[in-house]
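For reference, the structure discussed in these notes is given below.
Every heavy atom of this structure was used, including side-chain atoms; hydrogens, water molecules and symmetry mates were not. A note on names: the letters A, B, ... follow the listed sequences, proteins ahead of strands, and every chain is numbered from 1.
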Amino acid sequence: MNNEERLKQMTRQQHQHEYVCRGVFERKGALSYIGHLDLKAVFERALRRAELPLLYTQGFNPRPMLVFALPLGVGLDTEGDYFDVSMEVPVEPEEYIRRINEELPDGLRVLSAVSIDEPKNSLMSVVTCASYRIEAPGITDAVLKVFGQESVETMKKSKGREIKVDIRPLLIKPLTSSAPDAAEYMCYAGSQQNLRPDVLLKALCETQGYDEKAALDARITRLALYGGTYPDLTSIEGLL
Amino acid sequence: MSKKHTEVKVPHSVLMSVESPGRYVGGEKNQIVKPITEGMVRTVFCFPDIYEIGMSNLALQILYKVLNGPEWSSCERAFSPWPDMDAKLRENNIPLYSLETKSPLNEFDVAAFSLGYEMCFTNVLQMLDLGGIPLLSKDRSEEDPIVVAGGPVTCNIEPMADFFDAVFIGEGEEVDLEFTAVIKKYKDEGKKDRKALLKELAKIEGVYVPSLYTPKFEGRRFAGFDMEEGAPASVKKRIIKDLDSVDYPTRPVVPNNNVIHDRAYLELFRGCIRGCRFCQAGFLYRPVREKSAKTLCEQGIAIMKNTGYDDLGMLSLSTSDYTGLPELTDGLLEDFKPKHQSLSLPSLRIDNFALELMEKASQTRKSGLTFAPEAGTQRLRDVINKGINEEDIMSALKLAFAGGWSTVKLYFMLGLPTETMEDVEGIADLAIKIEKLYFDTMRELGGKSRKPEITVSTSMFIPKPFTPFQWEEQNTREEFLEKQSHLRALLKKHRNIRYIWHDVETSCFEGILARGDRRLCPVILDGYKEGNIFAAWDQFYKDENWQAILARYDLKWEDFTKGWSTEDALPWDVIDVGVTKAFLKRERAKAYAETITENCRSKCAGCGAACYKAGICYE
Ligand code: SF4
Ligand code: SF4
């Protein structure tokens, strides 16, 4: 459980029925340059403007109950991230998509949605894998080389200390849709084990001599999130 | 005038290597992006501080809406880049650009700066420089934008006079479009005579064109202006007579980035009925003009709907003085409660009504109470005309303590005219009495053990233009420091009282800018060239550097802080804010006689602002 979910659990009134709208959204352009908390606030304000029957957390500072599947780092685009919004009464997915899209700023758009009556699993806990695309000159060669190695060691900050980690076990497979300047791959993601694309890029510079300037300019897109256990992956919508 | 249009492309790598890149990309809800057309007058509203501060600025939201009104006018936004982005822009030769169409600043017809405080002066130069606009007004050509400024600081713009082509005095809603209309006509007629244009602009009421005035000096003293033919002898402040009649931005731009205060704002009224003698805003914004509770209620509800914020901040110089407050707050809260929205009520005078209101208005925990007695003794409070006495504070606090409040913040000023060490000690006495009152009240109620949190905060008194103290000598650094350390010593033993103080050096610098004249223009220019930006942020303020630059131009702090006799010419004499010099002199005499002047609502003091035939003077 992440903080948002913990807060939701703690402040929900007992016996309060929740109807969840689970949406898939894309993010690009200006909106990609804000951090996770700012993104959450942008969604919150859009939900309020859309005048949806939101369920609020209890306590001193009531907030709409809004949970994201996986935080989106600053600079990351996405073509398919998930978020859950709790409602007091059921809302039809089409109606939900129409109303929220009218209020989201350019660059954010809900692509599809399902409504779920009382979800059993927390959204964050069902995510296990993700696929990404990194666009940068000659990136695919470097990524494929990494896949050919047994281990890929890099330094990672953890609790204020630099520790050595092997990221190779976190990589699953390169995707066949890759082009020379656009590498697509699948890796582990979620609260159990997670490979951030910027960590992979850093490792590419360190171990493959990939150009640091080009790495800084690389555009990264999260393509999709999955649940289940690799290779038996399932879509997040289905995991109620 | 500019014709071309380039779209600045900032590389992803640049945005990824600076803090909070969301500041530099625009794309917010309710931003207005107008297609650029030939013949359109394009204004870029420049805020010489970071995005997060600028986006909480009401003037920006108001004028953004006004200037985007007519089809032939557009307004975009630009902010000061933080030092990390400043360095990246220079390193990559990227010009500073507007957030809407990403146009370099020098492609606009007008670059309009909002000046809220003096310490942002070098950031104006930063923005001009990065935007590709010559820094000095005299170096600008036909191709360059007309560089203007508005905001309270323009009542003495002399230290920045060399950099602005024109400034607005007073409120901008009407004058801005009159100004751009003159530029529109000039463009349409295909004229190319910047000097003639500036003279034309100077004919608009409320527009001051500094280059038409040349200051004279006698020795180290300012001695008035030589004026060019056609330059008005006096430039009169503009005001909006009826605030209900002007458009309010009920669809403000909603930042995506974490701004300082994450809320929408509703302006209740302009001006202040109280004439605290140190307070520039109190005199500058006269007369008081209120908006009706009905208008405000409608606007407040609309803003919340259009922004999605969950908190609405009431904005004015003194919330409690708004006559429609009960009606307004009831109306808004009725609508807000079911939607989980709250009201923020700053600068409330604490009494029974206020405490109840605070309880009702916000769902958040009991926040702290704020008092601004400004001076520690009744004698000195009478000098500054602060209509607040010890009994009022004590009885209000007793109520508050009994109601469960335990956090109190007290604001004072050091260095007020006629202040003695006894007055400084009065500050400590008052704080200690409040601490005792807390424990006494708790004991009466049958002992809760929680500790009170009392904060004493002191700032430095800086004499400002258009106040009865405009002629006063400012305390020296040594005097300020001595008072600070004395107070610190007196409060040291009191564990429930925290003492915080403003930085003396930056305040003294603000003091020379506030009453400075054109001799400071080259000082500010050098200061900028030597890397001084964000001077309001203590960590960037380099005192030794500024001292050295002043010495380079044979200037001393005292040239601007020593004060004047009431008969001397003042650098801001050309500006007329409605309040007369005769009135300010009377008020000064009353200050020395320790006599109070009643507020506008109980009795008109004949300050001169009645010339506007508006607001409280005519109620
Ligand atoms: S109450 Fe006094 S200090 Fe406050 S705004 Fe009014 S005049 Fe200024
Ligand atoms: S003219 Fe009288 S009522 Fe009007 S602002 Fe001045 S003192 Fe107040």
Side-chain angles (χ1 to χ4, degrees), chain A residues 27-65 73-77 88 100 102-108 134-136 197-198 201 211-221, chain B residues 9-31 33 51-52 85 88 91-92 99-100 102 251-259 262-264 301-312 336-342 362-367:
Chain A
R27 163 169 106 157
K28 60 186 182 195
L31 268 292
S32 293
Y33 291 100
I34 61 174
H36 178 66
L37 288 177
D38 286 336
L39 181 69
K40 188 168 180 245
V42 167
F43 268 102
E44 266 184 39
R45 288 190 291 263
L47 288 163
R48 284 210 190 84
R49 289 193 296 266
E51 299 186 312
L52 288 157
L54 305 172
L55 206 56
Y56 281 78
T57 60
Q58 304 295 309
F60 282 122
N61 195 7
R63 311 214 71 90
M65 292 189 184
V74 176
L76 230 64
D77 292 352
E88 282 174 343
I100 187 166
E102 269 173 23
E103 295 302 336
L104 283 170
D106 285 346
L108 283 179
I134 305 181
E135 285 165 272
D198 53 319
L201 266 171
D211 183 49
E212 285 188 25
K213 174 87 182 57
L216 206 53
D217 246 327
R219 295 304 312 240
I220 307 171
T221 308
Chain B
K9 292 224 165 36
V10 185
H12 182 65
S13 57
V14 165
L15 291 169
M16 291 307 284
S17 49
V18 296
E19 190 185 302
S20 304
R23 292 168 175 166
Y24 308 110
V25 294
E28 307 92 332
K29 185 73 185 173
N30 300 338
Q31 83 166 347
V33 189
Y51 175 88
E52 287 83 342
M85 185 65 166
K88 286 281 162 196
E91 191 182 306
N92 294 284
L99 295 186
E100 279 76 5
K102 314 280 186 284
R251 208 172 272 283
V253 183
V254 185
N256 298 325
N257 227 31
N258 194 12
V259 285
D262 206 7
R263 62 169 70 105
I301 292 168
I303 294 173
M304 296 304 268
K305 183 171 156 37
N306 295 334
T307 59
Y309 283 120
D310 61 356
D311 190 32
L312 180 67
F336 285 8
K337 274 275 136 100
K339 300 179 191 159
H340 304 278
Q341 293 164 341
S342 57
S362 120
Q363 290 128 336
T364 47
R365 250 173 284 248
K366 288 205 164 76
S367 50

Exercise. Does any heavy atom of chain B fall under 4.5 Å from the side chain of A:Ala46, the backbone, both, or neither of them?
Worked result: neither
Seminar exercise, completed: Highest number of heavy-atom pairs under 4.5 Å with chain A among B:Met16, B:Glu28, B:Lys339 belongs to B:Met16
Exercise. Among A:Gly75, A:Ala50, A:Pro64, which has the most heavy-atom pairs under 4.5 Å with chain B?
Worked result: A:Gly75
Problem set entry | Contact origin within B:Asn306 toward chain A - heavy atom pairs under 4.5 Å | backbone
For this session: Indicate yes or no for a side-chain donor-acceptor contact from B:His12 to the backbone of A:Ala218 under 3.5 Å, with no hydrogens or angles considered.
Result: yes
Problem set entry | Residue among A:Arg27, A:Lys28, A:Arg219 satisfying salt bridge (Lys or Arg N to Asp or Glu O under 4.0 Å) with A:Asp77 | A:Arg219
Exercise. Say you draw a straight line from CE of B:Met85 to CD of B:Glu91; how long is it, rounded to the nearest 0.5 Å?
Worked result: 11.5 Å
Problem set entry | Backbone of B:Val25 reached by a side-chain donor or acceptor of B:Lys102 within 3.5 Å | yes
Seminar exercise, completed: Okay, B:Val14 and chain A: the region with an atom under 4.5 Å from a heavy atom over there is neither
Problem set entry | Pairs touching residues 10-21 of chain B that satisfy salt bridge (Lys or Arg N to Asp or Glu O under 4.0 Å), sequence neighbours left out | B:Glu19-B:Arg23
For this session: Would you mind checking which part of A:Val42 comes under 4.5 Å of any heavy atom in chain B, side chain (CB onward), backbone (N, CA, C, O), both or neither?
Result: side chain
Exercise. Which of the residues B:Pro21, B:Gly22, B:Ser17 is involved in the greatest number of heavy-atom pairs with chain A at under 4.5 angstrom?
Worked result: B:Pro21
Seminar exercise, completed: A:Glu103 meets the side chain to side chain donor-acceptor pair (under 3.5 Å) criterion, sequence neighbours left out, with A:Arg49
